[in-house]
Amino acid sequence: MRYSNYFIPTLKETPAEAEIVSHRLMLRAGLIRKLASGIYTYLPAGLKSLKKVENIIREEMNRSGAIEILMPAVQPSELWEESGRWDYYGRELFRFKDRHNRDSCLGPTHEEVITDLVRREIHSYKQMPVNLYQIQNKFRDEIRPRFGIMRCREFLMKDAYSFDADEAGADRSYEIMFKTYNNIFRRCGLKFKAAEADTGSIGGSFSHEFMVLADTGEDYIVSCLNCDHAANLEKAEVRRTDDEAGSVNEKEMGPLEEVETPDMKSVEKVTAFLSISPDQLVKTLILKANEEVVAALIRGDHELNEIKLKNMLGAEQLELADPQLVAEATGAPIGFAGPHGLTMKIIADYAIKGMKDFVTGGNKKDLHLRNVNTERDFHVDTFGDLRVAMPGDSCPRCGGEIRFGKGIEVGHVFKLGTKYSETMGAVFLDKHGKEKPIVMGCYGIGVGRTVAAAIEQNHDKDGIIFPITIAPFEVVILPLQMNEKEVIDAAENIYREMSEKGLDILLDDRDLRAGFKFKDADLLGTPLRITIGTRHLKNGQIEMKARSEEESTLISLQDAPALIMEKVDKLHDSTK
RNA sequence: CGGGGCGUGGCGCAGUCUGGAAGCGCACCUGCUUUGGGAGCAGGAUGUCGGAGGUUCAAAUCCUCUCGCCCCGACCA
């Protein structure tokens, strides 16, 4: 491609709206432009990068045996009402009415459409397993779009859906996708982790998120330094320790006593006043799960993980009770709730189990209780893993040291089970002629987000450092003196010869100063730069420099094609 | 939806408090010089000051309403 005939509008200054590095660089390098909040145009170079990711995905999906289809973005409300998600998905669904006043929406995901297709077409175990995927724009009316291409309202996504006759088959399909995703992200040149995750509004029995490790990520992940376990913080299990197991001998317990704690509503204030440490206090949180009021007990220095509680209760909605409800339920204002004397269901974190003579609220204004003990003073309905994992905890699998980090979710694989096939009646006949629901899985990849994540992970002060597999161009040629015939000829020859060998090359044939071309080349992040200038050309030499390396090397004009090819191959090898 | 901030030439901003000729840098156009890390000089073009209404002799500036964008939070593959 000749720069003079192409369109890469770079910016010297950063637009004020861009906060994170990938957003800034994508705007500055002329890859994207915004149309409205969370709605972006891909400019030519941005689109090339997007297409390269798309092609890697397509190749690996096809290799795994998955089959490409294309479903409509416009979907009728009936299907969503059938699955129950017309209401459940909520405000995030872009809805509209057509001219006949029929309710419709723009697809944020395609479980309903694919399940509808499959229930019409698949009737026998002989037709499975099958995995159908598409690469298509998705629409989600995000509460708050942000970070440029990272969280948008319209975005390109690869979504795949697997269909199996039984659980074992579904597990195999999941496993194949898991491996395929590893191949895809490795080929994109990313450093990533597969983390255990919550299934959220997609539902299903288990899932993994593919997280690109980056400080600007929106998710927290916990990973083990010893084994390959990793999990999203909202899912991360807490390893139970031995002292949580033991029961406490009643004879050793101190007598329950009331203590005045005027206006002390926080853990800090109460513990400071009573000269105890936070792990000797138990917080009592009042929550509303669907319509039921429940109490959750958490040690003072721990934090409730609402998702764990939500899953344990099997609740669709869970929220902290408002002050009025807390007063009704406990008889005291917020800050003085305690389990003693409560009538509602009480759920306690495992850490409570081994505690003895702890402090709780007294269910009365300005009152706390000392020497509280489970069983003697109140009954716990269920113990469970309810708290957020924190530094100092150990790996739930191997007990190793765990590390906290941030990540960008670029892919998500779910084992759906029969959630959709049952509600939507996607059934088949097995070997014995018995009717069964199809066992499903679904697998998404954010294509644009993958490009943004790659930039988050690969950049420096001068611009992007694209992995060669997803760079808009593999090589950029900079002829520095556009008024010198020799320079132009050399550039044109290399350009022609390398293009014929199939390389993706940008020839910067603009009549600009050298500095300008260098700056633009660094910004766009093309992995390999060939500089041709009078300075070295008079010795028959040109300059070759990898964007990711500090040093450039002089090579002879004659050897250039072979050496460039060799270097390009080497850069590609690093993603294999 | 709650909190905070911002809308002035293509981009980045000053001017708004305290009303009185719309400015600066970059980009753009012309000419000359320059030419290996975002050139210099000279000249030039470019504005519904987000929009509507109001106050005033006079509004980018004050008042009311409204639209859009960004950040934090709640929410969310």
Side-chain angles (χ1 to χ4, degrees), chain A residues 9-20 23-24 27-28 30 33-39 85 88-93 107-111 138-148 150-153 155-160 197-204 207-211 218-219 232 234 306-307 310 317-320 322 408-414 416 442-449 461-463 478-484 487 508 510-524 529 531-538 541-543 545 552 554:
Chain A
T10 56
L11 303 171
K12 196 189 287 190
E13 287 174 291
T14 306
E17 67 193 47
E19 196 72 8
I20 63 167
H23 189 195
R24 274 203 299 269
L27 287 169
R28 284 193 57 208
R33 286 293 183 266
K34 185 174 69 179
L35 177 62
S37 178
I39 310 277
R85 289 207 295 183
Y88 184 71
Y89 217 92
R91 319 117 312 254
E92 211 172 303
L93 199 55
T109 176
H110 281 70
E111 281 82 11
K138 293 282 187 282
F139 300 84
R140 290 183 191 176
D141 197 358
E142 291 283 347
I143 293 176
R144 183 147 90 88
R146 59 183 124 180
F147 303 146
M150 205 71 94
R151 179 172 292 275
C152 332
R153 296 194 295 164
F155 58 99
L156 190 63
M157 177 168 168
K158 187 282 305 179
D159 49 325
D198 187 62
T199 52
S201 65
I202 296 285
S207 79
H208 284 87
E209 286 169 340
F210 284 78
M211 309 290 273
E218 293 185 85
D219 291 287
N232 191 309
E234 59 184 36
E306 289 190 35
I307 289 170
K310 189 172 168 181
Q317 304 231 316
L318 181 75
E319 55 185 19
L320 275 170
D322 54 45
I408 300 165
E409 180 191 356
V410 289
H412 206 154
V413 293
F414 295 87
L416 287 179
C442 86
Y443 318 92
I445 292 179
V447 185
R449 189 183 276 190
K461 65 175 176 32
D462 295 315
L478 305 187
L480 296 185
Q481 294 84 20
M482 290 304 290
N483 52 358
E484 295 285 338
V487 171
D508 193 346
R510 296 174 299 173
D511 189 10
L512 292 175
R513 303 170 66 80
F516 212 99
K517 293 189 179 187
F518 284 130
K519 290 290 184 190
D520 268 353
D522 286 346
L523 231 199
L524 187 59
R529 186 182 80 194
T531 307
I532 302 172
T534 48
R535 185 187 290 173
H536 298 297
L537 197 59
K538 63 176 188 272
Q541 288 181 311
I542 62 175
E543 206 174 303
K545 180 182 175 299
S552 63
L554 287 174

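Chain naming here is simple, since letters A, B, ... match the order of the sequence lines and numbering starts at 1 in each. All of these numbers come straight from a predicted model, not from anything done at the bench.
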Under a 3.5 Å cut-off for both distances, is [N] Watson-Crick or wobble paired, and to whom?
N: B:rC11; answer: B:rG25
N: B:rG73; answer: B:rC1
N: B:rG19; answer: none
N: B:rG68; answer: B:rC6
N: B:rG31; answer: B:rC41

Can you tell me which nucleotide in [options] comes closest to the side chain of [X]?
X: A:Ala16; options: B:rG37, B:rG12, B:rA77; answer: B:rG12
X: A:Phe516; options: B:rG73, B:rG38, B:rG36; answer: B:rG38
X: A:His536; options: B:rG38, B:rC76, B:rG36; answer: B:rG36
X: A:Arg151; options: B:rC76, B:rA77, B:rG37; answer: B:rC76
X: A:Phe518; options: B:rC1, B:rG37, B:rA77; answer: B:rG37

Write down the distance between [atom1] ([X]) and [atom2] ([N]), rounded to a whole number of angstrom.
X: A:Gln541; N: B:rG36; atom1: CD; atom2: P; answer: 18 Å
X: A:Met150; N: B:rA77; atom1: CE; atom2: P; answer: 18 Å
X: A:Asp520; N: B:rG38; atom1: CG; atom2: P; answer: 12 Å
X: A:Ile542; N: B:rG36; atom1: CD1; atom2: C1'; answer: 15 Å

Distances for protein N/O vs nucleotides 7-10 of chain B N/O pairs under 3.5 angstrom?
none

- List in chain and number order the residues that pass side-chain contact (heavy atoms from CB on, under 4.5 Å) with A:Glu92, two or more places apart in sequence or in another chain; answer none if no residue qualifies.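 Here the qualifying residues are A:Tyr89, A:Arg140, A:Glu142.
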
I'd like a list of close polar pairs between nucleotides 48-50 of chain B and the protein, N/O only, cut-off under 3.5 Å.
none

